[in-house]
Amino acid sequence: MSILSVVFQDFKLFSFSLGQNVAAKSEYDSALAEICLDRAGLENRLASMPNGLEICLYKNFKEDGVEISGGEAQKITIARALYKDAPFVILDELQQLLILLRKLKFTQNSMKL
């Protein structure tokens, strides 16, 4: 399944760091995670977070965790799909496609990470 990356309408984010949520694993490439968040339209929100990629999502485990909106959560899942760098991305909701079309910075190399 390494050729597919799927973004479901019903997704889960974890009470781990933002970077770990993007990579969906504990060890991750921080530069790549930042690029993916930027392409998903979260560059301003990332810049405003005090610990950047290390900020914990939600306050389940850390009191200084950050609460995110539903739209931000969707963008994080899109960044997760981009991080995987699969040739095909499947979106099961039209709104996700609109987010991509509106927020992604399309260039000839936009899908090359």
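Remember, predicted model here, so these are calculated numbers, not experimental data. Hydrogens, waters and symmetry mates play no part in the numbers below; they use all other heavy atoms, side chains included. Position 1 is the first residue of the sequence; numbering continues from there.
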**Over all atoms of both residues, closest heavy-atom pair of Ser2 and Pro87** = O-CD, 4.0 Å
**Message:** Going by the rule side-chain contact (heavy atoms from CB on, under 4.5 Å), which residues pair with Asp64 if we only count those two or more places apart in sequence or in a different chain?
**Reply:** Asn51, Lys62
**Message:** Contact between Val66 and Arg45 at the side-chain level, heavy atoms closer than 4.5 Å - yes or no?
**Reply:** yes
**Fill in**
Rounding to 0.5 Å, atoms CG (Leu53) and CD (Glu34) come to a distance of 4.5 Å
**Request:** Using the side chain to side chain contact (heavy atoms under 4.5 Å, CB included) rule, take Ile68 and Leu18 through it: C-alpha gap first, then chi angles, then the decisive distance, then the call.
**Result:** CA-CA 11 Å; Ile68 55 172; Leu18 175 59; over 6 Å; no
Side-chain polar contacts of residues 19-33 - donor-acceptor pairs under 3.5 angstrom, sequence neighbours left out - could you list them?
unit_1, atom_1, unit_2, atom_2, d
Gln20, OE1, Ser17, N, 3.1
Gln20, OE1, Ser17, OG, 3.3
Asn21, OD1, Phe14, N, 2.8
Asn21, ND2, Phe14, O, 2.9
Asn21, ND2, Phe16, O, 3.4
Asn21, ND2, Ser17, O, 3.1
Tyr28, OH, Glu54, OE2, 2.4
Asp29, OD1, Ala31, N, 3.0
Asp29, OD1, Leu32, N, 3.1

**Asked** Of all heavy-atom pairs between Gly41 and Lys75, which one has the smallest distance, and what is that distance?
**Response** O-NZ, 4.0 Å
**CG on Leu82 to SG on Cys36, rounded to 0.5 Å** = 5.0 Å
**Request:** Please assess Glu43 against Leu37 for the test side chain to side chain contact (heavy atoms under 4.5 Å, CB included), listing each intermediate value before the final yes or no.
**Result:** CA-CA 6 Å; Glu43 65 278 1; Leu37 286 165; over 6 Å; no
**Request:** Using a 4.5 Å cut-off on heavy atoms from C-beta on, say whether the side chain of Leu42 contacts that of Glu72.
**Result:** yes
**Complete:** Ala86 and Leu4 have their tightest heavy-atom pair at CB-C, 3.6 Å
**Asked** Are Ile90 and Val7 close enough that some pair of their side-chain heavy atoms sits under 4.5 Å apart?
**Response** no
**ring pair (Phe, Tyr, Trp, His ring centres under 6.0 Å): pairs with one or both residues in residues 42-77, sequence neighbours excluded** = none
**Contact check, side chains of Phe11 and Arg80, non-hydrogen atoms, under 4.5 Å** = no
